[in-house]
Amino acid sequence: MTEEVLELFRPDVEALRAGDLSFTEVLENRRSLRGRGAAPLTVRQLGELLFRAARVRDVRATRDGDITDRPYPSAGAAYALELYPLVGECQGLAPGVYHYDPLGHRLERLSGPTPEFHALLDEARAPVEPFDRPEVLMVVAARVPRLAWKYETLAYSLVLQDTGALVQTLYLVSTALGLRPYALGRSDPDLFQRVAGVDGFAEASVGAFAVSGGEPAADPP
Ligand SMILES: Cc1cc2nc3c(=O)[nH]c(=O)nc-3n(C[C@H](O)[C@H](O)[C@H](O)COP(=O)(O)O)c2cc1C
């Protein structure tokens, strides 16, 4: 979407298999955590979150064309959802609006912080004291035609179901990383369209996920 791209951190999956929290621990610890943690989110943690939750793991050819394999499920492997991290505060990353490229595992920088960007982050403030803004707000947007050509009238419902699957995966990975996540039921689609510079008829926001730093990040290997 832009020439200004930033390669993200790629964790070693084999090392994670050997030393990660147990599945039960992650599932039992998962909860919505609002407000700021002991340490701010880092670009390494953001990279690890996106890698483990949303990257393209593989591309496969089918008779309908190439499909991708990712950590979260998607109806017909159509993967109609796009992630737009709105970065308010993240160590190592300039504030602004980004698009996540799941194939290249990198961020595309779309714009810097504008008044509308701040309005969208303000809208995502936690509903409980101290009403902090999330450090990063990930807006989930849907390119519905990716599903509609095949599923027609089912497409809208499938987009919403895919959104739930993605949000839960982001919750679980955030929990494994010791971050502070919460899903957001409301995020102004018109405001998002203006902030990200996308055509709302081609790509509409359907969900949002807030994440802030928790425990201090581990040292890079
Ligand atoms: C679709 C959805 C929308 C949500 N919207 C918000 C929200 O707008 N603000 C918020 O603080 N939490 C929101 N949450 C988090 C819920 O309040 C939270 O999941 C619920 O209270 C259960 O708590 P737990 O996640 O800690 O288990 C949302 C969760 C989901 C799944």
Side-chain angles (χ1 to χ4, degrees), residues 20-41 45-46 48-50 52-54 70-75 78-90 97-98 100 102 116-144 147 154-196 200 203-215:
D20 210 5
L21 288 184
S22 76
F23 176 69
T24 301
E25 188 122 5
V26 172
L27 207 52
E28 292 302 315
N29 289 350
R30 188 221 57 83
R31 56 180 50 82
S32 298
L33 297 170
R34 305 167 185 92
R36 305 173 67 89
L41 192 72
Q45 289 171 318
L46 183 63
E48 181 159 352
L49 171 60
L50 289 166
R52 292 174 66 178
R70 310 188 196 194
Y72 67 97
S74 167
Y79 290 101
L81 304 178
E82 298 290 322
L83 281 173
Y84 289 84
L86 269 65
V87 175
E89 247 184 287
C90 180
V97 184
Y98 296 82
Y100 177 57
E116 286 180 327
F117 160 93
H118 286 296
L120 212 48
L121 272 180
D122 280 342
E123 198 190 59
R125 275 179 199 284
V128 291
E129 282 201 62
F131 308 110
D132 287 333
R133 280 173 25 158
E135 289 163 8
V136 171
L137 175 69
M138 302 231 208
V139 178
V140 182
R143 296 183 182 169
V144 183
L147 277 163
L154 260 185
Y156 179 64
S157 151
L158 296 176
V159 159
L160 300 184
Q161 292 174 66
D162 274 14
T163 304
L166 173 57
V167 166
Q168 174 69 346
T169 307
L170 287 166
Y171 256 119
L172 294 177
V173 177
S174 299
T175 304
L177 287 172
L179 304 177
R180 302 181 67 80
Y182 59 95
L184 266 156
R186 64 190 150 69
S187 182
D188 185 332
D190 292 330
L191 201 50
F192 165 73
Q193 189 182 326
R194 293 200 296 277
V195 164
E203 188 167 355
S205 78
V206 287
F209 181 81
V211 62
S212 296
E215 302 306 316

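Just follow the structure's listing: the first ligand is 1, and inside any ligand the first atom is 1. Scope of the values below: all heavy atoms of this structure, side chains included, with no hydrogens, waters or symmetry mates.
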**Message:** For Y72, is the OH atom crowded, meaning more than 12 foreign heavy atoms sit under 6.0 Å from it?
**Reply:** yes
**Atoms in ligand 1 flagged as close to R30, the criterion being non-hydrogen separation under 4.0 Å** = 24 (P), 25 (O), 27 (O)
**Request:** Please identify which atoms of ligand 1 are closer than 4.0 Å to at least one heavy atom of P127.
**Result:** 11 (O)
**Check: V140 and L83 side chains under 4.5 Å, non-hydrogen atoms** = yes
**Message:** Show me which atoms of ligand 1 lie under 4.0 Å from any heavy atom of G185.
**Reply:** 3 (C), 4 (C), 5 (N), 6 (C), 7 (C), 8 (O)
**Prompt:** Which residue supplies the protein heavy atom nearest to atom 19 (O) of ligand 1, what is that atom called, and how far is it?
**Reply:** S32 OG, 3.3 Å
**Fill in**
of all protein heavy atoms, closest to atom 7 (C) of ligand 1 is A183 O, 3.5 Å
**Request:** Decide yes or no for R180 and R36: does some side-chain heavy atom of the first lie under 4.5 Å from some side-chain heavy atom of the second?
**Result:** no
**Request:** Flag the pair L172 / R30 as yes when at least one side-chain heavy-atom distance between them is below 4.5 Å, and no otherwise.
**Result:** yes
**Message:** Could you tell me if the side chain of Y182 sits less than 4.5 Å from the side chain of F209, heavy atoms only?
**Reply:** no
**Prompt:** Looking only at distance, does Y182 have an N or O less than 3.5 Å from an N or O of ligand 1?
**Reply:** no
**Request:** Answer whether the closest heavy-atom distance between the side chains of P85 and L137 falls below 4.5 Å.
**Result:** no
**Winner among R125, Q168, R31, R34 once heavy atoms are compared against atom 17 (O) of ligand 1** = R34
**Message:** Protein non-hydrogen atoms only, distance under 4.0 Å: does atom 1 (C) of ligand 1 have such a neighbour?
**Reply:** no
